[in-house]
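For reference, the structure is listed below as structure tokens.
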Amino acid sequence: MRVSVLASGSSGNAIYIESEESRMLVDVGLSAKQIELRLKAIDVDPESIQALFITHEHIDHVKGLGVWARRYQLPIFCNDATLQNLPNSVGEIPKELFRSFGSNNAMDWQDLHVESFSISHDAADPMGFVVCKEQEKIAIVTDTGYVSSKIVEKVQGSHTLIWESNHDVEMLRMGPYPWSTKRRILSDVGHLSNQDSGDALREVLAGEGENVYLAHLSRENNLQELAHLTVKNILEDSGAEVGQAVRLFETYADRPTPLSPVKRKTVPVGNLFASVSVS
């Protein structure tokens with residue numbers, strides 16, 4: 001498999017995943033035109049996309065869903081609560097395009113195996129995904145207020161993780177948002193802070209060359225350098241050599257990441273975690 005994060009952040013989210021037989025989008029949170037432009041930027045023909053998988057109904061994940069679905073007549077995999085709570089701005093979508101794919105479920109699609117799992121966010125029934133092909137595994141965990149033991153169990157063994165690192169707590173507390181918004185972001189149905197992100201990754205990673213894309217960074221309450229440094233320090237305190245045992249990558253609001261293999265990098269002996277358990 002190969003993956004590109006086409007867009008990440010509160011202004012829009014979309015992820016492209018491909019295999020020998022399959023081409024899919026996870027979320028369509030930009031305009032259809034922007035999605036097309038970003039696919040072309042990584043040399044992918046928009047008309048080659050075969051399916052859309054939706055994590056939840058917030059506009060930064062479904063902005064282009066209606067136009068894209070109507071234009072390309074693609075199947076849309078989401079749970080029933082997400083379908084029922086799509087914003088009006090998405091417009092009418094032919095009902096025959098929807099495929100019910102509930103939380104905590106699994107399916108084989110084309111040459112891929114896709115599993116959904118519940119996450120904690122203030123949406124109707126938000127989900128994360130694990131996508132597998134043979135020995136390769138990619139996990140998508142964004143828009144969650146905390147990482148439960150069930151999420152940890154589900155995503156362990158992933159070669160590539162697209163992983164939320166939304167905000168720095170002090171930047172958020174001192175920032176311009178009203179207190180009601182800050183309280184929501186900091187809550188168990190909000191978003192992961194940089195510290196929370198790193199702490200959860202200590203439980204998830206084996207230190208065997210995994211690729212981690214730090215995703216959904218807040219434009220107002222985070223910095224790429226700060227998110228990277230915070231997570232890096234937490235992982236290195238656990239004994240991982242970042243750059244070898246774990247590789248951290250940035251994601252962007254305004255451009256896609258390079259189309260890259262999901263598989264792990266080979267790790268020399270001695271670069272594994274000293275400990276991956278956290279009390």
Side-chain angles (χ1 to χ4, degrees), residues 1-8 13-27 38-39 42-45 48-55 75 77 101 103-117 119 127-142 144 147 150-165 197 200-216 231 235 240-251 256-269 271-273 276:
M1 291 189 294
R2 295 197 297 173
V3 62
S4 170
V5 181
L6 301 178
S8 184
N13 298 272
I15 300 163
Y16 169 74
I17 299 173
E18 71 172 25
S19 64
E20 288 86 350
E21 300 177 15
S22 309
R23 295 191 169 194
M24 60 187 279
L25 293 178
V26 176
D27 290 336
R38 296 190 191 200
L39 286 170
I42 57 172
D43 295 321
V44 173
D45 182 355
S48 70
I49 303 300
Q50 299 159 313
L52 311 174
F53 286 76
I54 305 300
T55 60
F77 294 90
F101 185 35
S103 302
N104 306 303
N105 215 327
M107 62 177 286
D108 291 321
W109 177 73
Q110 309 259 92
D111 60 338
L112 301 177
H113 180 74
V114 184
E115 297 183 11
S116 64
F117 52 90
I119 57 177
M127 303 190 297
F129 293 114
V130 166
V131 182
C132 305
K133 178 176 170 56
E134 298 172 352
Q135 302 304 310
E136 297 178 353
K137 179 177 179 179
I138 180 171
I140 299 169
V141 180
T142 65
T144 189
V147 177
K150 290 184 178 179
I151 293 176
V152 170
E153 181 179 358
K154 180 65 69 174
V155 304
Q156 280 178 330
S158 296
H159 301 78
T160 290
L161 300 98
I162 300 171
W163 194 259
E164 181 167 66
S165 191
S197 178
L201 283 169
R202 287 199 299 182
E203 296 191 66
V204 167
L205 299 174
E208 296 177 351
E210 296 98 325
N211 308 304
V212 178
Y213 290 80
L214 298 179
H216 217 301
V231 172
L235 296 180
E241 183 179 342
V242 174
Q244 291 290 330
V246 179
R247 296 187 295 171
L248 298 179
F249 296 92
E250 296 175 344
T251 60
T257 63
L259 185 57
S260 301
V262 167
K263 64 183 179 182
R264 295 185 182 113
K265 179 181 178 182
T266 302
V267 181
V269 175
N271 285 334
L272 306 185
F273 274 103
V276 293

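These numbers come from a predicted model, not from an experiment. Worth knowing before you read on, the calculation uses all heavy atoms, side chains too, and leaves out hydrogens, waters and symmetry mates.
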Query - Counterpart residues, side chain to side chain contact (heavy atoms under 4.5 Å, CB included), relative to Pro75 (two or more places apart) - result: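 Side chain to side chain contact (heavy atoms under 4.5 Å, CB included) list for Pro75, sorted by chain: Ala51, Phe77, Arg99.
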Report summary line: By side chain to side chain contact (heavy atoms under 4.5 Å, CB included), Asn104 pairs with (sequence neighbours left out) Phe117, Ser118
Query raised in the report: Should the heavy atoms of other residues, nucleotides or ligands under 6.0 Å from CD of Glu153 be counted, would the total exceed 12?
Result: no
Shortest non-hydrogen contact from [X] toward [Y]:
X: Leu214; Y: Thr251; value: O-OG1, 2.8 Å
X: Arg38; Y: Pro256; value: O-CG, 3.9 Å
X: Tyr213; Y: Glu250; value: CD2-O, 4.2 Å
X: Val262; Y: Asn211; value: O-ND2, 3.4 Å
X: Gly207; Y: Val246; value: CA-CG2, 4.3 Å

Nearest 0.5 angstrom please: [X] [atom1] to [Y] [atom2], how far?
X: Thr160; Y: Lys137; atom1: OG1; atom2: NZ; answer: 12.0 Å
X: Ile54; Y: Ser116; atom1: CD1; atom2: OG; answer: 13.5 Å
X: Cys132; Y: His159; atom1: SG; atom2: NE2; answer: 9.0 Å
X: Glu18; Y: Leu259; atom1: CD; atom2: CG; answer: 5.0 Å
X: Ile138; Y: Arg2; atom1: CD1; atom2: CZ; answer: 12.5 Å

Does [X] use its side chain to pair, donor to acceptor, with the backbone of [Y] at less than 3.5 Å?
X: Asp27; Y: Thr55; answer: yes
X: Glu21; Y: Leu112; answer: no
X: Ser197; Y: Glu164; answer: yes
X: Ser103; Y: Met127; answer: no
X: Ser8; Y: His216; answer: yes
X: Thr144; Y: Ile119; answer: no

Query raised in the report: What do the steps show when you test Val231 against Leu248 for side chain to side chain contact (heavy atoms under 4.5 Å, CB included), and what is the final call?
Result: CA-CA 9 Å; Val231 172; Leu248 298 179; 4.1 Å; yes
Query raised in the report: side chain to side chain contact (heavy atoms under 4.5 Å, CB included) with Ile17: which of Leu25, Ile140, Val114?
Result: Ile140
**Report entry** Side chains of Ser158 and Trp163 in contact at under 4.5 Å (non-hydrogen atoms)
**Finding:**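 With C-beta onward as the side chain, the pair stays apart.
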Query raised in the report: Is Ile162 close to Val26 at the side-chain level, that is, under 4.5 Å between some pair of heavy atoms?
Result: no
**Report entry** With sequence neighbours excluded, residues passing salt bridge (Lys or Arg N to Asp or Glu O under 4.0 Å) with Lys154
**Finding:** Glu115
Query raised in the report: Which word best sums up how the rings of Phe101 and Phe129 line up, parallel for under 30°, tilted for 30 to 60°, or perpendicular for over 60°?
Result: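 It falls in the parallel class, under 30°.
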Query raised in the report: Any Lys/Arg nitrogen of Glu136 or Lys263 sitting under 4.0 Å from an Asp/Glu carboxylate oxygen of the other?
Result: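 Result for this pair is no, no salt bridge flagged.
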**Report entry** Steps toward side chain to side chain contact (heavy atoms under 4.5 Å, CB included) verdict (Val212, Leu205)
**Finding:** CA-CA 10 Å; Val212 178; Leu205 299 174; 4.1 Å; yes
Query raised in the report: Looking at Gln50, Arg23, Lys133, Glu20, which one forms a side-chain hydrogen bond (donor to acceptor under 3.5 Å, both in side chains) with Gln110?
Result: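 For Gln110, the side-chain hydrogen bond (donor to acceptor under 3.5 Å, both in side chains) test succeeds with only one of Gln50, Arg23, Lys133, Glu20, which is Gln50.
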Report task. Before giving the answer on side chain to side chain donor-acceptor pair (under 3.5 Å), spell out for Ser22 and Asp111 the whole-Å C-alpha distance, their side-chain angles and the decisive distance to 0.1 Å. Result -> CA-CA 7 Å; Ser22 309; Asp111 60 338; 2.5 Å; yes
